[in-house]
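One structure below.
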2 protein chains.
Amino acid sequence: MQNLAISIRISDDLFIKDPESTDLGKRIISKSIELLDELGFEAFTFKKLGAAIGSPESSVYRYFESKHKLLIYLMCWYWSWIEYKIVFGTINKSSDIERLKIAIEILTKPIKVDNSFIHVNEVLLNKIVISEATKVFHTKDVDKENDQGYFAVYKRMVQRVSELILAVNPSYKYPNMLVTTVIEGAHQQGYFAEHLPSITDKKRGKNRVCNFYSDLVSKMIS
Amino acid sequence: MQNLAISIRISDDLFIKDPESTDLGKRIISKSIELLDELGFEAFTFKKLGAAIGSPESSVYRYFESKHKLLIYLMCWYWSWIEYKIVFGTINKSSDIERLKIAIEILTKPIKVDNSFIHVNEVLLNKIVISEATKVFHTKDVDKENDQGYFAVYKRMVQRVSELILAVNPSYKYPNMLVTTVIEGAHQQGYFAEHLPSITDKKRGKNRVCNFYSDLVSKMIS
DNA sequence: ACAAATATAATAGTAATACTATCATTTTGC
DNA sequence: GCAAAATGATAGTATTACTATTATATTTGT
């Protein structure tokens, strides 16, 4: 089957030169995902990235002004992609409940390979989101970066799911809290399952996390 | 009223020399809490801390081998303190439900000043936990540090609250997931309320977060 | 096809960070 | 009052996160 001719559009402010516009740019994105997964954000440097793609670090700096901005770029990409999956996944569904159920599944189930965007490995990107995404918010520059709109995609996606909740129960008072609790909670469970298993209840059976949070949402809004 | 003659005991592995054992050590703890709150973890350095207490950075290094270890030390202190509050707060309570309710309140309500430990400002420490605690887990060294027992206090506290849940409903299948969802969710709501208010539902009324999570727990286990 | 514009490579340099090391001085415990 | 321990003063190192400069390669418009 042919791929859709779409691409994820990211705010200009997050890069100096659009990485989607050149071959080197795409290799920067592609390799940075692999390296971030492999090394973690702290040990990841533009020098290592440059070495991995066979270019000097100065070339990387022509695309991104810092590794922090690159991480924000990747998070924006990820949330745009999730938003797209939610929008497409809920189109033409018959009931509000079903639409909400699908959105929660997309947010809490393990990510499957997706070949629509060849230079982005969504499975690795999801791992990076789980391990590193909090570092995007938890900085002394949050407020400034929020003003500059860097978190707009994330916030819009939260709003969208909140609206699905309100469609099911228009009088529910805490849709945003519920959505962020689910999203961040699901990521956290994934991380704990891998690194601090004693404080999860994950067993052999798959999708416990998805079931837990799906159940949580339906109990909270009914 | 006289203070209880207790002190929070922290694992030896987290420091080189026990900061509780000397005056300089206590000033290191006290000032590091203020500075971490003021600067954030990234901009916080032992050099700045040294300057703030009028000592060279080499003296700070005699107590802690890195700022990362110092942060873990502070998190351990915090969770030990919370655990102590839960244990004392639930003693002599008549019902399991009431004990659980108290624990959830301790975990989700804003922290009030506590003068039991003069060199620790618990209100600031709570702010640091909200802003920086994820950085303690989200490192490439998690597994190693977990093996060394650095997160034992946190895990034990989670277990304890899980047991309160199981006391109320012995057949509930996901007590740990529920507890970590509540703890980390409540912190997150505090952070979002301050920095990304559009995705919270916090209004004028206080204790919305506590009410939300108390409600969540009771709905999930009943 | 060719000059001009643009992108990239190669290299160097800087201030700050996260430490380690050494030795002198002060404090303390007996 | 003396030895041991704690602290201060100072120096040094490898790495990081950049910026800057110049040279070379590649693309583009005509």
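Source: prediction; values computed, not measured. Every chain is numbered from 1, with letters handed out A, B, ... down the list of sequences.
The separation between A/I16 atom CD1 and C/dT8 atom P is 13 Å, rounded to whole Å. Distance CD1 (A/I53) to P (C/dA7): 16 Å, rounded to an integer number of Å. For the pair B/E20 CD and D/dA6 C1', the interatomic distance rounds to 18 Å; values are reported in whole Å. Straight-line distance from the CZ atom of B/R62 to the P atom of D/dT10: 15 Å, rounded to whole Å. For A/L24 and D/dT26, the CG to P distance is 13 Å, given to the nearest whole Å. Between the CD1 atom of B/I28 and the P atom of D/dA6 there is a distance of 13 Å, rounded to whole Å. In this structure, A/F64 atom CZ and D/dC18 atom C1' are separated by 16 Å, rounded to whole Å.
Looking at the side chain of A/S58, the nearest of the listed nucleotides C/dT22, D/dA20, C/dA7 is D/dA20.
Using a 4.5 Å heavy-atom cutoff, the side chains of B/E42 and B/K135 are in contact.
A cation-pi arrangement is present between B/K67 and B/F41 under the rule of less than 6.0 angstrom and at most 45 degrees off the ring axis.
The existence of a salt bridge linking A/E34 and A/K31 is confirmed by a sub-4.0 Å separation between a basic side-chain nitrogen and an acidic carboxylate oxygen.
In this model, the phosphate group of D/dT7 is not approached by any side-chain N or O of B/S59 to a distance below 4.0 Å at OP1 or OP2. Side-chain nitrogen and oxygen atoms of B/Y63 include at least one within less than 4.0 Å of the OP1 or OP2 phosphate oxygen of D/dT7.
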Protein-nucleotides 13-17 of chain D N/O pairs under 3.5 Å:
from	atom 1	to	atom 2	distance (Å)
D/dA17	OP1	A/K67	NZ	3.3

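Atoms OG and CD1, on B/S55 and B/I28 in that order, are 7.0 Å from each other to the nearest 0.5 Å.
Heavy atoms only, all atoms of each residue included: A/I10 and A/F15 are closest at O-CE2, 3.7 Å.
Aromatic ring centres of A/F137 and B/Y191 lie farther apart than the 6.0 Å criterion allows.
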